[in-house]
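Below is one structure, written out as structure tokens, with a few remarks after it.
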Amino acid sequence: MIQAAAPELDLGWFRTLPKTRVDVGFETYSPNFAFAIADSGTGKTDVVFEGRKLPDLSNEVTLVKNSFINTDRQDRLTSGYAVSRQLQHASSKEKEAVTLRLGEGSLSAYIKALKLGKMLKYEYVPDFQSALYAPAPLALASEGK
């Protein structure tokens, strides 16, 4: 479907990844391409993150793996990850490169409760492809399954 919508995209790297049929409330394959998901709890803007475009973009393709832990519909811990193919990227340690504005909603309250320190590094990746690996129960992930 993605190839038909955007034939100029190089999907060769994605075709080389082994895929497994999984049931995550519906049947799909893991990995799959990642699409953004919006929080609709209050319908109001709660967190605004603004990052500026950085100069001197690297065109060297790199692969980056990001892991996460979450809960499933039965409140069990799950683990998953995404592999991103960064086509253009740059980074900065300058605090002026980003702005984070927190509101009064639940996500802002959670972020405030973490009492985070200062920003260490801002990664600017304007052009990438990402393969999302479906979450698996954490107990299975720790057993290597």
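Keep in mind that this is a model prediction, so the values were computed, not measured.
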Open item on the list: List the residues meeting side-chain hydrogen bond (donor to acceptor under 3.5 Å, both in side chains) with Lys121, not counting sequence neighbours, and say none if there are none.
Closed with: Glu123

TODO: Would you please name every residue forming a ring-ring contact (aromatic ring centres under 6.0 Å, His included) with Tyr133, sequence neighbours left out?
DONE: Tyr81

Open item on the list: Run Gln88 and Glu60 through side chain to side chain contact (heavy atoms under 4.5 Å, CB included) and show every step you take.
Closed with: CA-CA 7 Å; Gln88 290 185 319; Glu60 180 181 331; over 6 Å; no

TODO: Kindly state each residue pair satisfying ring-ring contact (aromatic ring centres under 6.0 Å, His included) with at least one member in residues 99-118, sequence neighbours excluded.
DONE: none

Task: Shortest non-hydrogen separation from Glu104 to Lys112 and the atoms involved - done: OE2-NZ, 3.9 Å

- [ ] Sequence neighbours left out, what pairs pass ring-ring contact (aromatic ring centres under 6.0 Å, His included) with at least one residue falling in residues 44-71?
- [x] none

Task: In one Ile/Leu/Val/Met/Phe/Trp/Tyr side-chain cluster, 4.5 Å: Met119, Tyr124 - done: yes

Open item on the list: Other residues, nucleotides and ligands only: do more than 12 of their heavy atoms fall within 6.0 Å of CD on Gln74?
Closed with: yes

Open item on the list: Return the CG to CD1 distance between Leu100 and Ile111, rounded to the nearest 0.5 Å.
Closed with: 6.0 Å

Open item on the list: Can you list, by chain and residue number, the hydrophobic cluster partners of Val48 when the side-chain cut-off is 4.5 Å?
Closed with: none

TODO: Give me the other members of the hydrophobic cluster that Val61 sits in, counting Ile, Leu, Val, Met, Phe, Trp and Tyr linked by side-chain heavy atoms under 4.5 Å, directly or via other members.
DONE: Leu87

TODO: Could you walk me through whether Thr62 and His89 pass the side chain to side chain contact (heavy atoms under 4.5 Å, CB included) test, one step at a time?
DONE: CA-CA 9 Å; Thr62 60; His89 47 90; 3.6 Å; yes

- [ ] Please check if the side chain of Asp46 supplies one atom and the backbone of Ser108 the other of a donor-acceptor pair under 3.5 Å.
- [x] yes

Open item on the list: Looking at every heavy atom in both Ala82 and Ser130, which two are closest together, and how far apart are they?
Closed with: CB-OG, 3.8 Å

Task: Flag if over 12 foreign heavy atoms under 6.0 Å of OH, Tyr122 - done: yes

Open item on the list: I'd like to know if Glu50 pairs up with Arg101 as an ion pair, taking the criterion as any Lys NZ or Arg NE/NH1/NH2 lying under 4.0 Å from an Asp or Glu carboxylate oxygen.
Closed with: yes

Task: Exam field: side chain Lys19 to backbone Leu17, donor-acceptor pair closer than 3.5 Å - done: yes

- [ ] Verify the distance criterion only: is there a donor paired with an acceptor across the side chains of Thr78 and Asn70 at less than 3.5 Å?
- [x] no

- [ ] Indicate yes or no: at least one non-hydrogen side-chain atom of Val64 is less than 4.5 angstrom from one of Asn66.
- [x] yes

- [ ] Would you mind reporting whether Ser92 and Leu54 have side-chain heavy atoms less than 4.5 Å apart?
- [x] yes

Open item on the list: To the nearest 0.5 Å, what is the distance between NZ on Lys95 and CG on Leu120?
Closed with: 13.5 Å

Task: Any donor-acceptor N/O pair, Ser84 side chain to Gln86 backbone, under 3.5 Å - done: no

